[in-house]
Amino acid sequence: MNARFDPGLRLRGRVAPPADKSISHRAAIVGAMASEPMRITNYLDAADTRSTLDAVRRVGALVERHDGEVLIRGCGMRNAQPPDEPIDVGNAGTLMRLMPGWLAFQQGAAFTLDGDASIRRRPVDRIAGPLAQMGAQLDATEGRYPPFTVRGAGLHGITYELPVASAQVKSCVLLAGLATDRTTVLEAIPSRDHTERMLAGAGARVDRRATENGGFASTVGNADELELETVRVPGDLSSAAFLIAAGVLVPGARLVLEGVGVNWTRAGFLRILERMGAIIVGELEEPGAFSATEPVCDLDISHGPIEATTVGADEVPLAIDELPLVALLGCFAEGETVVRGAGELRVKESDRIATVVEGLRGLGADIEALDDGFVVGGRGTLRGGRIDTHGDHRLALLGAVAGLASQEGVEVVGMEAAEVSYPGFAQDIAALAAA
Ligand code: S3P
């Protein structure tokens, strides 16, 4: 499906962005592991997070949906049942990398996971390694890719230093760590800590602390059961980021985004934008904070001029999914915008260094790829044209925002990719333009 996004809209008013994808996945998985029913309000209704509800159903959890709420009656920590057919994770990398942490301690049971063509190109050796150290086995295609089978076993605790900054890998090890005396994950650069917060809320022993070298350590201990009555999922900052960029770039725009999750380990994009001189008002969480809850606020965005900036490796995990937008903003900023230390972008739903550079260049941008990022020459404007999403939701939304801010508009080829995280984007823009 192709969709056109044209300039000239007057974007004004209030909108609640879709619910957080990362937190929705975690709520469904933790709900499935829990012994008492969990009520999830504002669960994301999109393709990725429907895959997670289907996946937990397949292993024995009961899932009911009523008026935008999801009720999960879990199977308990150690009672997941292997289905006859492979568990289909669809396009959801987070589901594919988190759920094996739980399945790894279903002793004597084997679970096969598979997904769409894009998921079959995404590596799982990064979780196979630590799970093997803990005593489980993960057999992957060519040792690296889905489909793969997790064979559950009795696990022992490890201290695992993350070789790549990845919240998905960290979360997988921590979920598996719930069946060990003590498991610690060390990260040189902090990544999103939604799993730690939710597990703490569900009664697990969780310790999250800064380390001497500027990194972070997360430790979990054995949990016989998890219990969390209600989770309210905040608005997704990564989806809101597309509206924020539209608010900054479209002349005359003034938007209020309601109920956005501003956990500091997710809010790197807002700090990058502040540095670029964008006008954003909201009560952000203090860097370094940790609690069992997720902070939420309204964000007030106004159009205005922006300056170039440099984003280095230490900021990358805090803004990983928003880096394509930094490239787009760089096109409009004064000066040269550089992103480095972001090689992980190459193993997302598409190779996001290649697809962002090719996509924006096709719209008239001055942008060069680096091995681990990109360099963008600010021209204060973008011509427009056509962009291919390569089936990647963030590319679809990037193209849409580029169109709203461009001179000639953008045709997005493959807009249906946005279904996995933000199905209602075009409607939200239409509502803001009509306000
Ligand atoms: C996610 C972590 C990030 C991010 C992804 C969601 C999560 O992936 O890109 O969209 O929910 O934990 P990595 O952990 O692989 O960096």
Side-chain angles (χ1 to χ4, degrees), residues 18-30 44 46-49 51-52 89-102 115 118-119 121-130 144 146 160 162-175 185 187-199 216 218 233-234 236-242 261 263 265-269 294 313-326 339 341-353 355-356 372 392-398 417-418 420-422:
D20 193 284
K21 183 156 84 68
S22 284
I23 297 175
S24 295
H25 284 304
R26 286 160 172 78
I29 294 169
V30 171
L44 175 64
D48 258 20
T49 43
S51 295
T52 305
V89 304
N91 190 248
T94 302
L95 166 60
M96 169 176 79
R97 301 219 180 88
L98 263 62
M99 196 168 172
W102 174 36
S118 140
I119 217 84
R121 293 191 294 269
R122 301 189 65 190
V124 290
D125 47 341
R126 49 182 59 199
I127 57 167
R144 201 160 187 227
Y160 189 66
L162 282 181
V164 285
S166 165
Q168 293 178 352
V169 177
K170 174 180 65 172
S171 298
C172 176
V173 176
L174 293 176
L175 290 176
V185 180
E187 39 187 6
I189 307 169
S191 66
R192 66 189 69 187
D193 63 4
H194 303 308
T195 303
E196 291 93 317
R197 290 183 192 226
M198 196 172 292
L199 290 178
F216 270 76
S218 297
V233 181
D236 194 323
L237 184 53
S238 299
S239 296
F242 293 95
N263 177 326
T265 62
R266 280 293 289 286
F269 179 61
E294 294 284 349
D314 55 333
E315 254 182 330
V316 162
L318 307 179
I320 183 76
D321 294 331
E322 293 69 66
L323 295 177
L325 279 170
V326 174
V339 172
E344 274 295 295
L345 287 176
R346 295 208 181 266
V347 290
K348 296 295 174 189
E349 284 82 334
S350 65
D351 171 347
R352 283 194 187 143
I353 294 180
T355 52
V356 166
D372 62 349
D392 182 338
H393 58 130
R394 308 251 185 239
L395 257 290
L397 296 161
L398 180 77
V420 308
S421 63
Y422 199 162

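Both ligands and their constituent atoms are indexed starting at 1 by order of listing.
- At least one donor-acceptor pair closer than 3.5 Å links the side chain of Asp372 to the backbone N or O of Gly341.
- Of the N or O atoms in Lys21, none lie within a sub-3.5 Å distance of an N or O in ligand 1.
- Here atom 2 (C) of ligand 1 lies nearest to Gln168 when heavy atoms of Gln168, Arg394, Lys170, Glu344 are compared.
- Listed by number with element, the atoms of ligand 1 under 4.0 Å from a non-hydrogen atom of Ile320 are 9 (O).
- Not a single donor-acceptor pair under 3.5 Å links the side chain of Ser171 to the backbone N or O of Thr195.
- Residue contact annotation: His194 has no non-hydrogen atom under 4.0 Å from ligand 1.
- Residue Lys348 has at least one heavy-atom neighbour below 4.0 Å for each of these atoms of ligand 1: 3 (C), 4 (C), 8 (O), 9 (O), 13 (P), 15 (O), 16 (O).
- Note on Glu322 versus Arg394: no salt bridge recorded, every NZ/NE/NH1/NH2 to OD/OE distance being 4.0 Å or above.
- Side-chain contact between Glu315 and Val326 is absent, with no heavy-atom pair separated by less than 4.5 Å.
- Across all their heavy atoms, Leu44 and Pro18 have their closest contact at CD1-CB, 3.8 Å.
- In this structure, the ring pair (Phe, Tyr, Trp, His ring centres under 6.0 Å) partners of Tyr422, at least two apart in sequence or on a different chain, are Phe425.
- When only interatomic distances are considered, the shortest N/O to N/O separation between Leu98 and ligand 1 does not fall below 3.5 Å.
- When hydrogens are left out, the protein atom nearest atom 11 (O) of ligand 1 is Ser22 OG, 2.6 Å; that is the closest non-hydrogen contact.
- Atoms of ligand 1 lying under 4.0 Å from at least one heavy atom of Asp321, given by number and element, are 4 (C), 5 (C), 9 (O), 10 (O).
- Under the 4.5 Å side-chain criterion, counting only non-hydrogen atoms from C-beta, Arg97 is in contact with Arg126.
- Heavy atoms of Arg26 found under 4.0 angstrom from ligand 1 belong exclusively to the side chain.
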